[in-house]
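See structure below.
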Amino acid sequence: NAGVTQTPKFRVLKTGQSMTLLCAQDMNHEYMYWYRQDPGMGLRLIHYSVGEGTTAKGEVPDGYNVSRLKKQNFLLGLESAAPSQTSVYFCASRRQAKSYEQYFGPGTRLTVT
Amino acid sequence: EDKVVQSPLSLVVHEGDTVTLNCSYEVTNFRSLLWYKQEKKAPTFLFMLTSSGIEKKSGRLSSILDKKELSSILNITATQTGDSAIYLCAVEASQNYGGSQGNLIFGKGTKLSVKP
């Protein structure tokens, strides 16, 4: 199993450009999450999904959109990138219900100039 | 507002030392507390604690939860340079009665540096 994979690993955008980050998991997990990590800020939840076709806002959703058309994929979109969105983005997934750990992808380092 | 606070934020020790990392939390409907280790890339899971007073142990690492004090500690004995990492504490809280989205609230992490 590959676990959780993220594409791309690095990206540089100019202000106003758009892009989509792809997260894929092969563990048949129901729940998927997108986080951003900034220096000294820990991990903050952007959006999450509790199943195919569902999405919900997390702590810092502004400027991002997500879609979960297939159970194994969770896409994070930036419609008009801003320098404040320069960050490392992590995707995670976990089994449904109860308390199970989240499994993280390797991250995408995004720089917006 | 739910929050998780870790201390210290950074720590420098020498190989062989024993360290204790702290995590305190204020959340409604606590379900579990998790510890992760983050080196250069993705956080990797260490422990999940749900019951107070029961120690989880893995090699030189151990952790215990104190629900009365709303806190947890992560101990690392006989530290090695390979233990250098950011250690993240996260708390899962139920958002709805009987259910949980599994959302984690993370602390800012403790950066541990182990010198040879």
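It should be emphasised that the depicted structure is a prediction, and the values quoted were computed from it without experimental measurement. All chains are named by letter (A, B, ...) in the order of the sequence lines, taking the proteins before the strands, and each is independently numbered beginning at 1.
- Side-chain contact between A/Tyr31 and A/Tyr48 is absent, with no heavy atoms from C-beta onward closer than 4.5 Å.
- Only the side chain of A/Leu45 comes within contact range of chain B, judged by heavy atoms closer than 4.5 Å.
- Checked by atom type, the side-chain pair B/Asp17/B/Thr79 shows no donor-acceptor distance below 3.5 Å.
- Using a 30° and 60° split on the angle between ring planes, A/Phe104 and B/Tyr36 fall in the perpendicular class, above 60°.
- Contact of A/Gln37 with chain B is made through the side chain alone, with heavy-atom distances under 4.5 Å.
- Proximity to chain A (any heavy atom under 4.5 Å) is shown, for B/Gln6, by neither the backbone nor the side chain.
- With respect to chain A, the highest number of heavy-atom pairs below 4.5 Å among B/Lys111, B/Lys40, B/Gln38 belongs to B/Gln38.
- At a threshold of 4.5 Å between non-hydrogen side-chain atoms, the residues A/Tyr103 and A/His29 count as touching.
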